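Please read all numbers here as calculations on a predicted model, not as lab measurements.
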Amino acid sequence: MFSGGIISLFSNALMVVGILAWLLILDFKLGLIAASVFPILVAASVYFSFKLKISYREARSKLSALNAFLAENLLGIRVVQLFNRRSLHLSRFERLNQGYSDAQIATIRVFAVFQPTITIFAGISVALVIWFGGQAAKVGEIKVGVLFAYFSYVLSLFQPVRELADKWNVVLSARIVTGK
């Protein structure tokens, strides 16, 4: 899964670069306008990557504590039963399990905000292309067919960006598991 994520990261990154290059070739000014959201998108990606890394680390730490507790209790189940400490150990298990569940939910929440952020920037980019491209088409600087092609390319530009975000999520999760 990790190696597939890396391969997908590279192929999607190449697709984004290729589409951006083609947009610049079709119309340089409109290409710059379409790409104007990318610096903000990169900054948002760095921010969310940092947040995801912290969330994944916290979740892995909670899972580790839960696994250690379970292993300890399974190995010492006779002692727990002998001293009638089942309810105490059950409440401790529930507390550890809830902590892990909360950490996982926190991770999902961070990623759940990341994907709509990409969608918002895609919408902004499309709106900018329609606005400025429409103005350019209105005065005859660009043909309507080129504007339509631009619109199609800008829409297809952000699908690999979304996939990059998904695969980056997998890579970050795998890096935390391996401790890198």
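Following chains of ILVMFWY side-chain contacts shorter than 4.5 Å, one can reach Tyr47 starting from Ile120, so the two form part of one hydrophobic cluster. Under the 4.5 Å side-chain heavy-atom criterion for ILVMFWY residues, no single connected hydrophobic cluster contains both Leu23 and Leu14. No continuous path of hydrophobic side-chain contacts links Leu26 to Val17 [ILVMFWY only; heavy atoms under 4.5 Å]. Under the 4.5 Å side-chain heavy-atom criterion for Ile, Leu, Val, Met, Phe, Trp and Tyr, Ile25 and Phe132 are members of the same hydrophobic cluster. Linking ILVMFWY residues whenever their side-chain heavy atoms come closer than 4.5 Å, directly or via other members, places Val113 and Phe111 in the same cluster.
For the atom pair CE of Met15 and CG of Leu20, the computed distance is 12.5 Å after rounding to the nearest 0.5 Å. One finds the CG atom of Leu63 at 13.5 Å from the OH atom of Tyr56 (value rounded to the nearest 0.5 Å). Atom OG of Ser125 and atom CD1 of Ile40 lie 11.0 Å apart (nearest 0.5 Å). The structure places OG1 of Thr107 at 11.0 Å from CG of Asp102, a figure rounded to the nearest 0.5 Å.
In the hydrophobic clustering (ILVMFWY side chains linked at under 4.5 Å, chained through shared members), Leu32 is joined by Leu24, Phe28.
A donor-acceptor distance shorter than 3.5 angstrom exists from the side chain of Ser156 to the backbone of Ser152, with no hydrogens or angles considered. In this structure a side-chain-to-backbone donor-acceptor pair under 3.5 Å is missing from Ser101 to Gln98.
Each side-chain hydrogen bond (donor to acceptor under 3.5 Å, both in side chains) pair with one or both residues in residues 128-144, not counting sequence neighbours, would appear here, but there are none. Among residues at least two apart or in separate chains, side-chain hydrogen bond (donor to acceptor under 3.5 Å, both in side chains) pairs with a member in residues 21-35 are Trp22-Tyr153.
Gln104 is linked by a side-chain hydrogen bond (donor to acceptor under 3.5 Å, both in side chains) to nothing, counting only residues two or more places apart in sequence or in another chain. With sequence neighbours excluded, no residue satisfies side-chain hydrogen bond (donor to acceptor under 3.5 Å, both in side chains) with Ser45. Residues satisfying the side-chain contact (heavy atoms from CB on, under 4.5 Å) test with Arg162, not counting sequence neighbours, are Gln115, Ile118, Thr119, Ala122, Phe158, Gln159. Evaluation of the side-chain hydrogen bond (donor to acceptor under 3.5 Å, both in side chains) rule for Asn97 yields no partner, not counting sequence neighbours. Checked against ring-ring contact (aromatic ring centres under 6.0 Å, His included), Phe93 has no partners two or more places apart in sequence or in another chain. Under the ring-ring contact (aromatic ring centres under 6.0 Å, His included) criterion, Phe48 pairs with Phe114, sequence neighbours left out. Under the rule for a ring-ring contact (aromatic ring centres under 6.0 Å, His included), Phe121 has no partner lying at least two apart in sequence or in another chain. For Leu155, the side-chain contact (heavy atoms from CB on, under 4.5 Å) criterion is met by Val126, Phe151, not counting sequence neighbours. For the side-chain contact (heavy atoms from CB on, under 4.5 Å) test, residues two or more places apart in sequence or in another chain that qualify with Arg92 are Phe69, Glu72, Arg95, Leu96.
Considering only heavy atoms from C-beta on, Val161 comes within 4.5 Å of Leu41 through its side chain. Looking at Val16 and Phe38, their side chains come closer than 4.5 Å, going by heavy atoms from C-beta outward.
Nearest heavy-atom pair, Pro39 versus Ser36, reported as atom, atom and distance to 0.1 Å: CD-O, 3.3 Å. Among all heavy-atom pairs drawn from Val129 and Leu147, the shortest one is O-CD1, 3.7 Å. Closest non-hydrogen pair, Val37 versus Ala34, comes out as CG2-O, 3.9 Å. Scanning both residues, Gly133 and Ile142, for their nearest heavy atoms gives O-CG2, 3.7 Å. Taking every heavy atom of both residues into account, Lys62 and Ala103 meet most closely at CG-CB, 4.0 Å.
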